[in-house]
There are 2 protein chains.
Amino acid sequence: MFEFLRKKVGETIAITEEEFDFCKTLFIPKKLRKKQYLLQEGDASAYTAFVEKGMLRTYSIDEKGNEHILQFSSEGWWVSDLYSFLTGEPSLFTIDALEDSELLLITKASWDKLLDKIPAFERYFRILIQNNLIATQRRLISSISETAEKKYLKLLDSQPDCIQRVPQHMIASYLGITRETLSRIRSQMSARK
Amino acid sequence: MFEFLRKKVGETIAITEEEFDFCKTLFIPKKLRKKQYLLQEGDASAYTAFVEKGMLRTYSIDEKGNEHILQFSSEGWWVSDLYSFLTGEPSLFTIDALEDSELLLITKASWDKLLDKIPAFERYFRILIQNNLIATQRRLISSISETAEKKYLKLLDSQPDCIQRVPQHMIASYLGITRETLSRIRSQMSARK
DNA sequence: ATAAGGCCGTGACCTATATCAACGGCATTT
DNA sequence: AAATGCCGTTGATATAGGTCACGGCCTTAT
């Protein structure tokens, strides 16, 4: 059950068997069916989750009821509303499952314990967050400077798996465009090809 | 010279005098005149910098020559192209001074040494990067879901100091709009008031 | 098997923002 | 004090993308 987590962590930091045994005791396995919530906007985020299987999305909903997807999280990635998890404040985001999924949950208290007892995990999460920041910065610049088509091409290039597994209207809301616009871009692209 | 850095670090983690004495040996003071570069696009980012005084901007330039500002960094904040600093790859961003500025530079080698010798700094940077990620995620969502006016109002609210110190056309390029549009938004706002 | 709803495509029209161009006001340089 | 850049403003026009409306095709539920 924990082999995959062990593998992913091991790709970034070195830890001993004993350290990982301690780590294991802190996680709570959880299965989520497609469409189930991990977190609803307005609730406090109790957990951060490692995705063993499946796919989740983190999104916010604006006044008009439109969804804006912050990220997709598939196998081997982590998912949470970082701010709410860290502060206990109500979340601005909703997280739900796009497929039946299997997660390993950790509470804030356990997470604090993990970072305190095993400094290598402090480093692990620093690196994880760092890479996430770099990716988010790039997406921000892309979002303010590129056309819809370029953003889509960039996504095709960087997350081809997502595009296979996620319905198109969610891709659109990840890119910050409407599903109609994405549909038209795709048909133009295939016409040109 | 290092009091300010000491104070800012102390707000997040606890460190001893000896630890900070070691820390001090790793930084290189540097003054930058207005308009001078800290980093040019295409170069590798040799340093991460703590801003003691002044204001810098990190931006990219698109094919049409338009600038897109990723962030402003004033006193007490850090500035670098994280990706280039970490990997040694050529930078996608340019960093320059908007005012005469005073910086404390640290190389990648020294930074690695600092994190290895003093685990509290591992935590310090984890938290720093974490907060930056939270802010960047919010800006991304705002960028894909809100009107130009709302984005401007949000900035007025969150970074009023920036708006005082930075020329308007740079605020526009931070928001991802043209200077003409920002000018019109401002005049509409003052007409309504 | 039929109904209901999610998902995708397409047309007609609308709107926020970009683009292009010109102008006036400050600073800075000569 | 004239000249040269920056900077912000304003007007006219263009355009990418949004909105609204409809229809067809699957999948899931009854």
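In what follows, every heavy atom counts, from backbone to side chain, and hydrogens, waters and symmetry copies are set aside. Because the structure is a prediction, the values reported are computed rather than measured. Letters go in sequence order (proteins before strands), and every chain restarts at 1.
- Following rounding to the nearest Å, B:I171 (CD1) and D:dC7 (P) show an atom-to-atom distance of 13 Å.
- Between A:Q168 and C:dG9, a side-chain N or O to OP1/OP2 separation shorter than 4.0 Å is present.
- A salt bridge does not link A:R184 with A:E149: every distance from a Lys NZ or Arg NE/NH1/NH2 to an Asp or Glu carboxylate oxygen is 4.0 Å or more.
- The nearest whole Å value for the distance from the CD atom in B:E146 to the C1' atom in D:dG18 is 17 Å.
- Closest of all the heavy-atom pairs between A:E75 and A:K53 is CG-CA, 3.6 Å.
- Here B:K64 reaches the OP1 or OP2 of C:dT19: one of its side-chain N or O atoms lies under 4.0 Å away.
- A:I129 and A:L5 fall within the same hydrophobic cluster, where Ile, Leu, Val, Met, Phe, Trp and Tyr residues are linked whenever their side-chain heavy atoms come under 4.5 Å apart, directly or through other members.
- The interatomic distance linking A:E149 (CD) with D:dT15 (C1') rounds to 15 Å, in whole Å.
- Of the two residues near DNA chain D, A:A148 and B:V166, the one whose nearest nucleotide lies more 5' is B:V166.
- Under the 30°/60° scheme for interplanar angles, the aromatic rings of A:F20 and A:F2 are found to stand perpendicular.
- Atom OH of B:Y152 and atom P of C:dT17 are 15 Å apart (whole Å).
- Shown for residues 173-186 of chain A: residues whose heavy atoms fall under 4.0 angstrom of DNA chain C, namely A:E180, A:S183, A:R184.
- Between B:H169 and D:dG8, a side-chain N or O to OP1/OP2 separation shorter than 4.0 Å is present.
- Atom NZ of A:K150 is separated from atom C1' of D:dG17 by 17 Å (rounded to the nearest Å).
- Atom CD of A:Q188 and atom P of C:dT10 are 11 Å apart (whole Å).
- A salt bridge between A:E3 and A:R6 is absent, with no side-chain N of the basic residue lying under 4.0 Å from a carboxylate O of the acidic one.
- Relative orientation of the A:F85 and A:W111 rings is perpendicular, given thresholds of 30° and 60° on the angle between their planes.
- Under 4.0 angstrom from either OP1 or OP2 of C:dT17 there lies no side-chain N or O belonging to B:T147.
- We find that CG of A:L98 is positioned 15 Å from P of C:dG6, with the value rounded to whole Å.
- Relative orientation of the A:F125 and A:W78 rings is perpendicular, given thresholds of 30° and 60° on the angle between their planes.
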